[in-house]
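No experiment lies behind these values; they were computed from the predicted model shown. The basis for the numbers below is simple: all heavy atoms, side chains too, and nothing from hydrogens, waters or symmetry mates.
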Amino acid sequence: MLARLKSQIFIDKLVFDLRDHSENYIKAVIKDDKGRICSKIETEVVARQKTFCWEGLNDLPYGVYTLELEGAEEAQPVRLVKRV
């Protein structure tokens, strides 16, 4: 599934645009600046779902993170910033 992040700046959730429904799940990891896994998700999505919201990120401290989407062909790490 190809997913595109709506914004690289977040407070308590990340929102993705879903572009390809050949796969029916999202698997993603958020790492801190030292490469430690801070949060991860693996969940199914509905076949016609256009967006996906990863909620529950309020407990992460403010700072810079890296998002890695697994299963994407062009799996490029994405820089994230959690702000107030």
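For R83, there are no salt bridge (charged side-chain N to carboxylate O under 4.0 Å, His left out) partners, not counting sequence neighbours. Contacts of K31 classified as salt bridge (charged side-chain N to carboxylate O under 4.0 Å, His left out), with partners at least two apart in sequence or in another chain: E68. Considering only residues two or more places apart in sequence or on other chains, E44 meets the side chain to side chain contact (heavy atoms under 4.5 Å, CB included) condition with none of them. Listed by chain and residue number, nothing satisfies the salt bridge (charged side-chain N to carboxylate O under 4.0 Å, His left out) test with D12 (two or more places apart in sequence, or in another chain).
Contact record, T51 with Q49: O-NE2, 2.7 Å, taken as the closest heavy-atom pair. Between Q8 and R79, the shortest heavy-atom contact is CB-O, 3.4 Å. Counting all heavy atoms, side chain and backbone alike, I11 lies closest to K82 at O-CE, 2.8 Å. Residues I41 and F52 approach most closely at CD1-CZ, 3.8 Å, considering heavy atoms.
Using a 4.5 Å heavy-atom cutoff, the side chains of I37 and I30 are not in contact. At least one side-chain heavy atom of L14 sits under 4.5 Å from a side-chain heavy atom of L80. The shortest distance between side-chain heavy atoms of D17 and L5 does not fall below 4.5 Å. At least one side-chain heavy atom of L18 sits under 4.5 Å from a side-chain heavy atom of I26. By the 4.5 Å heavy-atom criterion applied to side chains, L57 and F10 are counted as neighbours.
As a member of the Ile/Leu/Val/Met/Phe/Trp/Tyr network built from side-chain separations under 4.5 Å, V15 groups with nothing else and remains a singleton.
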Using residues 58-65 as the side-chain source, report each donor-acceptor pair under 3.5 Å to any protein atom, sequence neighbours left out, with the distance given to one decimal.
from: Y65; atom 1: OH; to: P61; atom 2: O; distance (Å): 2.6

